[in-house]
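Accompanying notes for the structure given below.
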Amino acid sequence: MCLTEPVRIIAVDGAIATVDANGKQRNVSVLAVPEARAGDWAILAAGLLIRILQPQAAKDMAAALHLATTEADS
């Protein structure tokens, strides 16, 4: 199973980006999306940013993940 999540890019330094992943900062690879810039939203999978997202798509995805997590806890 592969888990992905929307993250906000805080900074990019070469091939490494610092992202906010649900309130936690992580360093991840941007090799698959070299166009990534600070402020962008992206999909994170296994330590690698795999796609840049439009802001609304990131919000929709985050809301759906939150709802799924809430329902699973019930």
Output side-chain donor-acceptor pairs under 3.5 Å for residues 56-64, partner residues at least two apart or in another chain, one line each.
| residue | atom | partner | partner atom | Å |
| --- | --- | --- | --- | --- |
| Q56 | NE2 | D60 | OD1 | 2.8 |

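When hydrophobic residues (I, L, V, M, F, W, Y) are linked wherever their side-chain heavy atoms come within less than 4.5 Å, the members clustered with V30 are V7, I9, V12, V19, V28, V33, L44, L49, I52.
Counted within 6.0 Å of CZ on R8, heavy atoms from surrounding residues, nucleotides or ligands total more than 12; the atom is thus considered enclosed.
Note on residues 20-46: pairs passing side chain to side chain donor-acceptor pair (under 3.5 Å), not counting sequence neighbours, are T18-N27.
Among residues two or more places apart in sequence or in another chain, the side-chain hydrogen bond (donor to acceptor under 3.5 Å, both in side chains) test is passed with Q54 by none.
Inter-residue side-chain proximity for P6 and L53 is flagged as met; some heavy-atom pair is nearer than 4.5 Å.
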